[in-house]
Structure formats: C-alpha cells, structure tokens
Chemist: 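My questions will all concern the structure given below.
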Amino acid sequence: MSPKKVVISGAGLSGLTLGTALAQRGWDVQILERSAELREIGAGLYTWENGLKVLEDIGVYEDIREHVELITKLDMIDEHQELIHSTPFSSNSRFCVIPRNIVYGGLTRAASRAGVQIETSSNVTAACPSGEVTLENGKTYKADLVVGADGIYSNIRNSLNITKTFERVNNGAVRALIPRLEADSVAHAKEHWSGSRRIGISPTSPSHMYVYLTASSSDEEALSDPLNKEAWISSFPHLETLIKRIDQTRLDRHFYYVFMDKWSSGRALVLGDAAHGMEPNLGQGAGVSITSALELAKQLENHDIDNALDRWETLMRPTVQHTQMWSRIYGSAAAHWPKELLGIRNEVIRKALGSEDVDLMLSTAARHITGL
Ligand SMILES: Cc1cc2nc3c(=O)[nH]c(=O)nc-3n(C[C@H](O)[C@H](O)[C@H](O)COP(=O)(O)OP(=O)(O)OC[C@H]3O[C@@H](n4cnc5c(N)ncnc54)[C@H](O)[C@@H]3O)c2cc1C
C-alpha cells in the first residue's frame, strides 16, 4: 500500500513539527513555503514543559540540548523592585527560553532526517475540502490531507468555508537579543512591571539574553522603532543599564487572536497560529501550536483520517481555549488595568497567582500530554 500523502502550506514551527512527526510515522510529506529561504526571525522562544516534550518526541531536543539553559525560577517584580510573585520550575515542569533560530534549525534538520520534502518560493493561495491546494502560479496538488500552517494571515483558513473571528488587540511588544555579561543572571528569568509597561529578561544562550518590552498599542512612545530608551528608562530607572544595552529590535505594534468554530473541513485543516493565534503574554503560542501538531500526528497514527481529526480537535480545544483566555486576562491586567486601581494591583495579582486554581489554569498548556 502506498503511504498517505500530506501537503502542508508553511514551513514555520507548526508546519515543520507536523511534517516531521507524520514523516516519522510513514507519511509522504510535502511542505510548501512562500519564502525563498527557510529561516526564523525573532529573538527568544519561551518554551515550557509541553514544548520541550514535543521537541524530545520528534528528536529535536537531543540535537539542540547544548543550547538549552533550563530556568529555575521566573520572578515578577514591581516598579519598586518588590517581588510580586515567583514561579519555581522543576524536572517535571521545565521552562527555558531558546533562541528561535536554534529551535528552527533543529526542526529543519529533523524534517530532513525524516524525509520531508520542502519547496520554497511556493505561495499557496487556497485549499478545498476535497484535499487540494492551489498555488499562486496556478499549480495544484492533491493529497489525503492538506494543512494550512501558514500563520496568522492564513490563506488556507480564509479559503475554507469555516466561521472564524480575526481580532486585532491593542497590545504590542518590542523584542531583542542583547549580548550576555558575566553579571547577568544564570537560570533566572524576570518580568518587571511598571504601570502599563513590562520588561522581561531571561538568559537564552551562553552569549545572549532575551529581552521583551510590552505596552498598550496606544503607548506610541513605548512601541517605537528605533526604541525610545528614555521613555522606558523613565518607567524603569533601575533597569537603565540594561535598557541602554538594547540595540537591534523587532517591533510588533499589535497582537492578534484567531478563533474558529472548527479547525477542519473534509480533508483540509488549519494548524497553529492559522487556527488559534493569540497574544504572546503566556509565551505559549508556539508551544500550543507544536503540541497540537504532535497531537494530530499521533491521532492520525491510530485512527482513520475523519476520526483522527475529530479526536484531535476534541483533545486540543480545551487547552487552546484556556490558553487564549488566560493570555488575554494576563495582557489586560498588565496593560489595561485602571490607573486609579493600580495601588491594589500587586495584591490582586499576588493572591491570584498564589491560588492553586489559577495556577492550574495558567499552566493548562504546559501540562498537556499528547496521545492519550
Ligand atoms: C512578540 C511575540 C512574542 C512571542 N513569543 C512567544 C514565546 O516566547 N513562546 C511561544 O511559544 N510563542 C511565542 N509567540 C507566538 C509564536 O511566535 C507563534 O505562535 C508561532 O510562531 C506560530 O507558528 P506557526 O508555524 O503556526 O506560524 P508562523 O510562525 O507564522 O509560520 C507560518 C509559515 O507559513 C509561511 N506562509 C505564510 N503564508 C504562506 C503561503 N501563502 N504559502 C506558503 N507558505 C506561507 C510563512 O512564511 C511561515 O514560514 C510570540 C509571538 C509574538 C508576536
């Protein structure tokens, strides 16, 4: 019997993870990527227990482990440098911040080892439920399954007749990698809060620290390119030296959410940001996406395609919905807390994060186990 064939639009983190996991299970995998070359831009990638488990499962972790610095605690600190909350990590609830290019490099090597074929400069414009994709140049491909892992602006999602909501959120971020100094913390990540601005800093490699600065989109002083260092120093005077070290930055003035009634239609489906884009406040957008990719591959290994798609969505939806909801709550508390109530924010957050129920909800994605 000839192997089942899947055509995936998009060689991002989701597409590469699904492609690799399916090729490892005997599928004939073809990935079509719009860009002329394979590369991931960005800085560090918050990666939690779920993401690390996926990378281990598909053989990426072993390849990149020398670049992984496990974090032992993540501290949330207020503008007076008082600790609001500290999250400890252990060997079964791991957390780290890996440079994106390292994760991406590991994924492309794993895909190649598994026999995935990747075609660059291939702009996919549409898919149909019969399992066909169409490219901009008019070419079509037919497969047992076609997948839109083509990101937040997904052409495949937009071509399928499934109800969806695309929402632009008034929060944004600046990201950067800065050279690491001897005095920088080891295995310790911090998130500093001041008014509606936040600065996160964590080790990401022996040579670099990852820094993100988030604010409301209406705070144009904060979300500027080049970075307005004086504006940030005025909110975080104690971080002046760190802010002055920031050089090249990447700016996202807005974040986006995608909500869909269903992630598949016949033999076509959407995966990752294309299906459930979210604000990055919990650092789980990619984590949930690659978890979903592995979940899908495992369901397809054990069930016929129709059943597998139903089971996949039933298993993944609660994790995705919880993560989207709590990401929104976190982002609102950070950037849109009423000014006149800022005096009680620390106490509310301290109580909330100290509650076992809230902790369980915030860590839903990190605790997701695939293939149950
Ligand atoms: C500021 C910020 C910080 C973040 N931080 C984190 C974090 O710390 N941890 C975390 O887990 N997540 C984080 N995320 C979220 C994470 O980046 C995304 O969830 C993740 O990149 C989604 O991967 P994807 O493969 O689904 O989509 P994408 O990464 O968008 O990949 C889509 C791929 O499809 C290709 N493509 C697009 N259109 C076409 C087409 N028409 N034809 C063919 N190919 C196409 C693109 O070129 C790309 O290669 C962050 C996001 C932002 C904005």
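Below, all heavy atoms of this structure are taken into account, side chains as well, without hydrogens, waters or symmetry copies. Start at 1 with the first residue, then count along the sequence.
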Chemist: For Asp150 and Asn155, test the side chains for any donor-to-acceptor distance below 3.5 angstrom and give the result as yes or no.
Modeler: no
Chemist: Please determine, by modelled atom types, if Asn281 and Arg198 share a side-chain donor-acceptor pair under 3.5 angstrom.
Modeler: yes
Chemist: Could you list who else is in Ile178's hydrophobic cluster, with ILVMFWY side chains joined at under 4.5 Å, directly or through other members?
Modeler: Val174, Ile199, Ile201, Met209, Val211, Leu213, Leu223, Leu227, Trp232, Ile233, Phe236, Leu239, Leu242, Ile243, Ile246, Leu251
Chemist: Side chains of Asn228 and Ser224: is there a donor and an acceptor less than 3.5 Å apart?
Modeler: no
Chemist: Among residues at least two apart in sequence or on other chains, which ones pass side-chain contact (heavy atoms from CB on, under 4.5 Å) with Glu33?
Modeler: Ala11, Ser35, Leu38
Chemist: To the closest 0.5 Å, what do you measure between CG (Leu107) and OG (Ser112)?
Modeler: 12.0 Å
Chemist: Taking ring pair (Phe, Tyr, Trp, His ring centres under 6.0 Å) as the definition, give me every residue that meets it alongside Trp312, ordered by chain and number, with sequence neighbours left out.
Modeler: Trp263
Chemist: Looking only at the side chains, is there a donor atom on one of Asn307 and Asp304 sitting less than 3.5 Å from an acceptor on the other?
Modeler: yes
Chemist: Do you know which two heavy atoms are closest between Leu353 and His85, and how far apart they sit?
Modeler: O-CE1, 3.4 Å
Chemist: Could you tell me which residues satisfy ring pair (Phe, Tyr, Trp, His ring centres under 6.0 Å) with Tyr210, sequence neighbours excluded, listed by chain and number?
Modeler: Tyr212
Chemist: Return each pair, listed once, that meets salt bridge (charged side-chain N to carboxylate O under 4.0 Å, His left out) where at least one residue sits in residues 265-290; pairs must be two or more places apart or across chains.
Modeler: Arg267-Asp306
Chemist: Tell me, with the steps shown, if Trp193 and Tyr330 meet ring pair (Phe, Tyr, Trp, His ring centres under 6.0 Å).
Modeler: CA-CA 12 Å; Trp193 289 46; Tyr330 196 95; 5.7 Å; yes
Chemist: Connecting only ILVMFWY residues whose side-chain heavy atoms lie within less than 4.5 Å of each other, what is the rest of Ile369's hydrophobic cluster?
Modeler: Leu372
Chemist: Output every pair passing salt bridge (charged side-chain N to carboxylate O under 4.0 Å, His left out) with a member in residues 332-355, not counting sequence neighbours, ordered by first then second residue.
Modeler: Glu347-Arg350, Glu347-Lys351
Chemist: Which residue pairs pass the side chain to side chain donor-acceptor pair (under 3.5 Å) test with at least one member in residues 10-24, sequence neighbours excluded?
Modeler: none
Chemist: Indicate whether any N or O donor in one side chain lies under 3.5 Å from an N or O acceptor in the other, for Asn50 and Thr291.
Modeler: yes
Chemist: Which residues pass the side-chain contact (heavy atoms from CB on, under 4.5 Å) test with Gln30, sequence neighbours left out?
Modeler: Lys5, Val7, Leu32, Glu119, Tyr141
Chemist: Output side-chain donor-acceptor pairs under 3.5 Å for residues 127-137, partner residues at least two apart or in another chain, one line each.
Modeler:
| residue | atom | partner | partner atom | Å |
| --- | --- | --- | --- | --- |
| Glu136 | OE1 | Asn123 | ND2 | 3.4 |
| Asn137 | OD1 | Lys139 | N | 3.0 |

Chemist: CE/Met76 to CD1/Ile349 distance, rounded to the nearest 0.5 angstrom?
Modeler: 5.5 Å
Chemist: List the residues meeting ring pair (Phe, Tyr, Trp, His ring centres under 6.0 Å) with His67, not counting sequence neighbours, and say none if there are none.
Modeler: none
Chemist: Between Asn171 and His254, is there a side-chain donor-acceptor contact under 3.5 Å, judged purely by atom types and distance?
Modeler: no
Chemist: In chain order, what residues pass the ring pair (Phe, Tyr, Trp, His ring centres under 6.0 Å) check against Trp48, with sequence neighbours excluded?
Modeler: Phe89, Phe95
Chemist: Looking only at side chains, do Asp357 and Ser355 share a donor and an acceptor under 3.5 Å apart?
Modeler: no
